[in-house]
Amino acid sequence: MEASTIDSDSRPTIMVTNDDGIDAPGLRSLVRVLISTQLYNVQVCAPDSEKSAVSQSITWLHPVSVKRVAIEGTTSYAVSGTPADCASLGISKALFPTIPDMVVSGINMGSNCGYHVVYSGTVAGAREAFFNGIPSISLSYEWVGGRSSIEDYTLAAEACLPIISAMLADVKAQTFPRSCFLNIDFPTDIASHRGYKLTKQGRSIYKMGWRRVTSDSQGGKMLSTMTMEAASSVECNMSNESSELFARQVIGAPVDDEDTDFKYLREGYITVTPLAALSRAENCEKFLEAWLPGVVARPSPSAL
């Protein structure tokens with residue numbers, strides 16, 4: 001049966017979210033590519049504005065607003081909350097009538113490797129779905145000013161189609177592990193990528209510092225959690241005239257010599273990194289087994 005004749009009710013449903021906002025070119029390119037295959041029902045539930053680097057934060061004490069958005073071939077909503085809010089709402093059946101078969105978050109403007117995975121709202125959108133038992137993928141493109149173009153998002157979206165298709169098939173066959181979700185990063189030269197590389201999360205991180213500024217227009221816009229674009233502005237409403245303003249700045253490039261996501265991404269591979277919910281400390285248990293009983297036995301500072 002040709003794709004064009006497949007009954008839409010029988011096709012798997014993919015819900016798309018992101019952290020760059022519902023109008024971001026990465027999300028729009030991904031949606032167009034998914035629709036063009038005619039293999040999926042596509043839903044969109046994404047932030048109504050940029051929510052980069054908000055990690056797994058959720059809206060708790062007040063409602064979020066939801067507005068219908070016209071994106072051809074989809075049912076789409078813009079939400080005032082975070083990427084985690086959007087993923088949670090989109091799979092809850094409160095917004096859409098059915099639960100999606102998969103959540104895809106991205107395509108982010110900027111890569112998400114190493115420790116930056118912790119900050120990433122893009123990864124958080126996929127992780128939130130994973131928390132709730134929905135297969136999910138986060139997608140990020142290593143955008144570099146002067147080298148990258150909007151068309152690269154389309155190439156990245158096309159490059160992830162085999163993974164999306166295979167993952168959906170294996171989930172249906174109950175052979176895909178339910179203990180992880182996938183974080184995929186695309187290299188800057190996506191047109192000449194070196195192939196797909198299964199990697200592990202590394203320890204790379206852009207070292208961030210602070211500088212004193214005189215106005216909020218001197219702040220920087222975060223591209224993912226990886227780079228800063230100094231020409232953009234950051235909202236900062238200061239009612240106290242005696243207050244001072246500080247803006248983040250990059251003070252050091254990431255370094256990771258291990259065989260991990262960041263290294264292979266820089267070598268031109270599409271990196272596929274399995275992630276889970278738990279953050280287990282490495283090589284600490286033996287030390288702490290001996291250390292903790294001694295801590296408890298010591299007199300408290302107040303008794304000194």
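Bear in mind the structure is a predicted one, so any value in this text is a computation, not a measurement.
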Nearest 0.5 Å, please: how far is OG in Ser136 from CG in Leu182?
8.0 Å
As an exercise, state the distance from CD1 of Ile71 to OG1 of Thr74, rounded to the nearest 0.5 Å.
4.5 Å
To the nearest 0.5 Å, how far apart are CG in Asn108 and NE2 in His116?
12.0 Å
Check the surroundings of atom CZ in Arg178: do more than 12 heavy atoms from other residues, nucleotides or ligands lie under 6.0 Å from it?
yes
All heavy atoms of Thr188 vs all of Ser148, minimum pair found to be CG2-OG, 3.7 Å
List the steps and the verdict of side chain to side chain donor-acceptor pair (under 3.5 Å) for Asp48 and Ser80.
CA-CA 6 Å; Asp48 59 8; Ser80 64; 5.0 Å; no
Should the heavy atoms of other residues, nucleotides or ligands under 6.0 Å from CH2 of Trp210 be counted, would the total exceed 12?
yes
Do Tyr115 and Leu265 sit in the same hydrophobic cluster, where Ile, Leu, Val, Met, Phe, Trp and Tyr count as joined when their side-chain heavy atoms come under 4.5 Å apart?
no
Heavy atoms, side chains only, cut-off 4.5 Å: are Ile137 and Ile184 in contact?
yes
Less than 3.5 Å apart, any donor N or O on the side chain of Tyr40 or Thr13 sitting next to an acceptor on the other?
no
If every non-hydrogen atom of Pro100 is compared with every non-hydrogen atom of Gly90, which pair is closest and at what distance?
CD-O, 3.9 Å
Between Asp170 and Met167, is there a donor-acceptor pair closer than 3.5 Å when you use the side chain of the first and the backbone of the second?
no
May I ask you to decide whether Glu142 forms a salt bridge with Arg266, counting only side-chain N to carboxylate O separations under 4.0 Å?
yes
Please examine the side chains of Tyr119 and Asn112, heavy atoms only from C-beta on, and report whether any two atoms are closer than 4.5 Å.
no
For the residue pair Ser52 and Asp20, confirm or rule out a side-chain donor-acceptor distance under 3.5 Å.
yes
For Pro162, does its backbone N or O pair with a side-chain atom of Ser165 as donor and acceptor, under 3.5 Å?
no
Between Phe262 and Ile205, is any pair of side-chain heavy atoms under 4.5 Å apart?
no
Can you find a heavy atom in the side chain of Tyr269 that is under 4.5 Å from one in the side chain of Tyr196?
no
Donor-acceptor pair, side chain of Arg32 and main chain of Glu72, under 3.5 angstrom:
no
Anything under 30° is parallel, anything over 60° is perpendicular, the rest tilted; go ahead and classify Trp143 against Tyr153.
parallel
Indicate whether any N or O donor in one side chain lies under 3.5 Å from an N or O acceptor in the other, for Ser49 and Lys51.
yes
Would you say the side chain of Val16 lies within less than 4.5 Å of the side chain of Ile14, judging by non-hydrogen atoms?
yes
Would a single hydrophobic cluster contain both Val104 and Val272, if residues Ile, Leu, Val, Met, Phe, Trp and Tyr are joined by side-chain heavy-atom contacts under 4.5 Å?
yes
Would Ile35 end up clustered with Met102 when hydrophobic side chains under 4.5 Å apart are linked, directly or stepwise?
yes
Would you say the side-chain atoms of Ser36 pair up with the backbone N or O of Val33, donor to acceptor, closer than 3.5 Å?
yes
Compare every heavy atom of Pro83 with every heavy atom of Thr17, then report the nearest pair and how far apart it is.
OG1-O, 4.3 Å
In a check of side-chain contact (heavy atoms from CB on, under 4.5 Å) between Ser111 and each of Thr271, Val144, Asp185, which one passes?
Asp185
What's the shortest heavy-atom distance between Gly81 and Pro47, and which atoms?
O-CB, 3.8 Å
Do Glu258 and Lys263 make a side-chain contact, defined as non-hydrogen atoms from C-beta onward lying under 4.5 Å apart?
no
For the student: nearest non-hydrogen atoms of Ala157 and Ile107, plus distance
N-CD1, 3.7 Å
Common cluster, Met15/Leu27, ILVMFWY with side-chain heavy-atom separation under 4.5 Å:
no
Between Val123 and Phe181, does a side-chain contact (heavy atoms from CB on, under 4.5 Å) hold up when you go through it step by step?
CA-CA 10 Å; Val123 176; Phe181 66 99; 3.9 Å; yes
Looking at side-chain heavy atoms only, is the closest gap between Phe96 and Asn41 below 4.5 Å?
no
Between Gln56 (side chain only) and Ala124 (backbone N and O only), is there a donor and an acceptor less than 3.5 Å apart?
yes
Could you state whether Tyr264 and Ile190 fall into the same hydrophobic cluster, counting links through intermediate Ile, Leu, Val, Met, Phe, Trp or Tyr residues with side-chain heavy atoms under 4.5 angstrom apart?
no
Determine whether the side chains of Ser88 and Asp85 contain a donor N or O and an acceptor N or O closer than 3.5 Å.
no
Between Ser57 and Ser55, is there a side-chain donor-acceptor contact under 3.5 Å, judged purely by atom types and distance?
no
Please report the interatomic distance SG(Cys86) to CD1(Ile58), rounded to the nearest 0.5 Å.
12.5 Å
Val79 vs Leu89, side-chain contact (heavy atoms from CB on, under 4.5 Å): CA-CA, chis, key distance, verdict
CA-CA 9 Å; Val79 181; Leu89 179 60; 4.1 Å; yes
Quick one: pull up CZ in Arg127 and CG in Asn132 and give me the separation to the nearest 0.5 Å.
13.0 Å
Pairing of Arg212 and Glu244 as salt bridge, 4.0 angstrom limit:
yes
Cation-pi geometry met for Arg68 and Tyr77 (6.0 Å, 45°):
yes
To the nearest 0.5 Å, what is the distance between SG on Cys180 and CG on Leu275?
8.5 Å
Is the shortest heavy-atom distance from the side chain of Thr98 to the side chain of Lys93 under 4.5 Å?
no
Could you walk me through whether Thr199 and Thr273 pass the side chain to side chain donor-acceptor pair (under 3.5 Å) test, one step at a time?
CA-CA 5 Å; Thr199 65; Thr273 308; 2.5 Å; yes
Quick one: do Leu95 and Val66 satisfy side-chain contact (heavy atoms from CB on, under 4.5 Å)? Show the steps, please.
CA-CA 9 Å; Leu95 188 62; Val66 178; 3.9 Å; yes
I need the minimum non-hydrogen distance between Ala277 and Phe131, along with the two atoms involved.
CB-CE2, 3.3 Å
Is it true that Asp19 and Thr122 share a donor-acceptor pair across their side chains at a distance under 3.5 Å?
yes
Electrostatic pair Lys200-Asp261, nearest N-O below 4.0 angstrom:
no
